[in-house]
Novice: 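Okay, handing you the structure first.
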Amino acid sequence: MNPSYAAGNSKGAAVQNNPDTTLITPDAPVAATTHGGRAKCLQRLVRLDLPVPRTVALSFDAVHQIAEGQLPDIDAILGEFNPTSLLCVRPSSEDPDWGGPGAVLNIGMNDARYVDLCDTLGPTAAAALYLRFVQTYAVHVARLDPDVFDDVVEEGPQGLSEMLHAYETETDEVFPQEPGEQLGAVLRTMARAWEGTSARLLRQAKGAPADAGLGLVVQEMIPGLGLGESGSGVLQLANSTTGLPQITGRYLSQSQGRDALGAGAPSLYLGCDPRGPSLEEKAPGAFDDLKTHAALMREKLREEMQVEFVIENGSVHILDGVRVQRSSRAAVRIAVRLAQDGIIPEQEAVMRVDPHTLNELLHRQVDPEAERDVLTTGIAASPGAATGKIVFTSAEAQASAARSEPCILIRRETSPEDIRGMHAAVAVLTEKGGITSHAAVIGRGMGLPCIVGASGLRFQTKKKALMAPDGRIFKTGDVLTIDGTSGQVLVGEPAMLEAALDDSFQTLMGWADKERDIGIRANADTPADAQTARNFDAQGIGLCRTEHMFFEPGRLTVMREMIFAETSSGRAAALERLLPMQRDDFTQLFRIMQGKPVCIRLFDPPLHEFLPATRTGQRELAEALDLQVSDVTRRVEAMSEYNPMLGLRGVRLGVTVPEIYDMQARAIFEATLEASKHGAAVVPEVMIPLVSAKREVELVKARIDTVAAAVASEMGTDFDYRLGVMMETPRACLRADEISPNTAFLSFGTNDLTQMTYGLSRDDAGRFMSAYVQQGVFTEDPFHVLDTEGVGELLKLGAERGRAAQPNVTLSICGEHGGNPESIAFCRDAGFDYVSCSPFRVPVARLAAAQLAIAHKLGGDP
Ligand code: PEP
Ligand code: MG
């Protein structure tokens, strides 16, 4: 061990015996939970025999007492250090991310020491050290206004005497000369700063508990100023943005603390760099030592660390190590590289990446460094960011796409009629809606950035204008950016980061899948969705909402003809034309999924959703059907319902207009035989939506079995299929015991189930949800995070009763909650077989599920 760092000498005894002030030695009783993360990290560095200056750690209790006015034995602390050393005090909160008061350097500087240091370091360096201390002390400890020193323009000895003079004039006292008095005052200030209201709120916002403690470390200063090559800097071995191995950081000769990182500082690069001079060229020996120390820290601390160092006359000292700050993509690469280098096991790499942050990798994002001109914040409904010219109708969006001009579709709310516009747009912004409203669900399915419920803006869709709270007006063609990850609507075009599905991501996902013990499927409605699901390694399709297929150009009119048909033969003719279209859709889905299960939900929404809502749309339909506009309008009015979400939809259509389900079943079975010809045998899953009574299932099942038998006999080939029920009404959950014997699977549709359990409209709740969450009525938006207490209770009841009556029934969830890590934990605990979520959330779900399985194996929480 380097003798200057030997900590276990007799002096240590006084401090060691005091549980509140502990000299950091390899075996001193120091823990992150009692002394903070920095103190613990320093002890680890001491154990590695690294050149760490002597340090005394003050416990959370000691610092709390200091804040209350009871100082520890300051003489005992000072007794730990060489009387000629300067000291610094730095914060040590339990989790370094919780922050703490700024460090105070050069404690112990006084007139006498200044004179001594003028001899050893030279007057310029000595004055700089003293000046820095007086300034910090004056502002933070004596709480003087920084303006007091406005007139001090000189540096060096002259500046110092001006500053001391200004201090004396302002306080009517000479600058404190006693190191003990200085140290006591600094400790008191830092301890009280931590107890202050704003500091408390700030750290609570970062997840700290209300009673989080602060430790402090008192460390011997290595000045970084003076003779020979002296200075300070920081170094890390990985790039914070990409996670790739790269020595990054800066070094500044004749500097202290983090001066090297200051804007405009004439700092050096670390390794040789074409952009300018480097530490490697200036002090190659020190550079080599630093690299070796950093590599040792990485290996032994099992983490990518940023090293804070000082060079004193050519030799390196390590002051501190902090976890490298990292973007989400860097977090993945760093975890994978640590595992590949044998430093941590693969399982631990999987545990180290927060699944929520994967969203940032899967989509383009606004560069975190970019400046943001935030117009308003709405509900972040579908992650990712995109910039485009704003348009107010789907037709404009399509025209814009035809000109290859990226556009943002702005609507009060979207309806199925807007699907084509959404396909043409790069992002969507709506005034109304919540996390499960139309725009949100479709946006997530398509990977299209989307903000809903942006009620802070005035949507003047007729005038084609958006008015911001600050009075700015945006019209068609103006450029905005939608940040669907944060919910911010931004003016202009900030810098973006591209999606990063790189090799590290794939490796991490592979490791996650080895651990996972619950299936992950995707909700996919179109071949494009299915392809995305495959690309993200979904284990099947858990929900294909077939109605979305009817919005393709050319189909809507046929669909409308079917709806308008007055007679059963008229309806049959329209369905006859829809059949081959649906058959093609399903054949494609089966082919893309290559034998993996595909669960197709029969038609669900109220029919009138397919009818044109606007005057122009109604005129077009009248033209197509050779009717009067008034006929169309009357029919649309006749079909409208007071409460369509609770009206004639789902299985109720299947019971009252059974031909639609007959056609869909036939299309599914014909596609099954078609796709099975050239690939793995397909076993389709057919799902009945919105069931609330056993008899509904019996009626539909009887007809579907008949269609299956007819198709098998016409084609001369038998096939298997599985029939299941979508559990999305409270009654279905309560009566699951009588429903499940008729089914192969029960899939919980938690969007509608949440809506019906709360009696809360999924399309309108966004208007007041934030007020409800702010006032603590709901802890979270229940459409976003599964309400395990209420809706969850129904899920558990349904699962238990369903399984009791039919032990082999497959259980799953296919509402938007399926991709949410917290909801996956609930479903896993309840013994579900799989969860199904938007294709772009499949990786998030795979990682979250793996973490649950690993935590379970290790016997703790993730
Ligand atoms: C549900 O209700 O949870 C569901 C998945 O169906 P949809 O969102 O299509 O109503
Ligand atoms: Mg539903």
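Every number for a ligand or one of its atoms is a count from 1 in the order of the listing.
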Novice: Can you give me the closest heavy-atom contact between Leu794 and Phe748, atom names plus distance?
Specialist: O-CE2, 4.5 Å
Novice: Hey, does the side chain of Arg555 reach the backbone of Leu578 with a donor-acceptor pair shorter than 3.5 angstrom?
Specialist: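 No: the side chain of Arg555 does not pair with the backbone of Leu578.
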Novice: Can you list the protein N, O or S atoms less than 2.8 Å from the Mg ion (ligand 2)?
Specialist: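 Counting only protein N, O or S atoms under 2.8 Å from the Mg ion (ligand 2), the list reads Glu728 OE1, Asp752 OD2.
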Novice: Checking Glu696 side chain against Ala693 main chain: does a donor-acceptor pair fall under 3.5 Å?
Specialist: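 Pair found, side chain donor or acceptor close to backbone of Ala693.
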Novice: Among residues two or more places apart or on two chains, list those pairs meeting ring pair (Phe, Tyr, Trp, His ring centres under 6.0 Å) that have a residue in residues 526-546.
Specialist: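 Of all non-adjacent pairs touching residues 526-546, those that pass ring pair (Phe, Tyr, Trp, His ring centres under 6.0 Å) are Phe536-Phe840.
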Novice: Identify all pairs of nitrogen or oxygen atoms, one from ligand 1 and one from the protein, separated by less than 3.5 Å, and list them with distances.
Specialist:
| unit_1 | atom_1 | unit_2 | atom_2 | d |
| --- | --- | --- | --- | --- |
| ligand 1 | 2 (O) | Glu728 | OE1 | 2.9 |
| ligand 1 | 2 (O) | Asp752 | N | 2.9 |
| ligand 1 | 2 (O) | Asp752 | OD2 | 3.1 |
| ligand 1 | 3 (O) | Gly749 | O | 3.2 |
| ligand 1 | 3 (O) | Thr750 | N | 3.0 |
| ligand 1 | 3 (O) | Asn751 | N | 2.7 |
| ligand 1 | 3 (O) | Asn751 | ND2 | 3.4 |
| ligand 1 | 6 (O) | Arg601 | NH1 | 3.0 |
| ligand 1 | 8 (O) | Arg545 | NH2 | 2.7 |
| ligand 1 | 8 (O) | Asn751 | ND2 | 2.9 |
| ligand 1 | 8 (O) | Arg762 | NH2 | 2.7 |
| ligand 1 | 9 (O) | Arg545 | NE | 2.7 |
| ligand 1 | 9 (O) | Arg545 | NH2 | 3.4 |
| ligand 1 | 9 (O) | Arg601 | NH1 | 3.0 |
| ligand 1 | 9 (O) | Arg601 | NH2 | 3.0 |
| ligand 1 | 10 (O) | Asp752 | OD2 | 3.0 |
| ligand 1 | 10 (O) | Arg762 | NH1 | 2.9 |

Novice: Ring centres under 6.0 Å, that's the criterion: do Phe610 and Phe603 meet it?
Specialist: yes
Novice: May I ask you to decide if the ring planes of Tyr721 and Phe719 are parallel, tilted or perpendicular, using 30° and 60° as cut-offs?
Specialist: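 Plane angle between 30° and 60°, so tilted.
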Novice: Aromatic ring centroids of Phe459 and Phe392 under 6.0 Å?
Specialist: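 That pair fails the under 6.0 Å test.
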Novice: Scan for salt bridge (charged side-chain N to carboxylate O under 4.0 Å, His left out) pairs involving residues 801-829, sequence neighbours excluded, and state none if there are none.
Specialist: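 Listed by first then second residue: Arg444-Glu816, Asp517-Arg828, Arg545-Glu816, Arg803-Asp833.
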Novice: Determine whether a donor-acceptor pair (N or O, by modelled atom type, separation under 3.5 Å) exists between the side chain of Thr546 and the backbone of Arg601.
Specialist: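 Looks like yes, one N/O pair under 3.5 Å.
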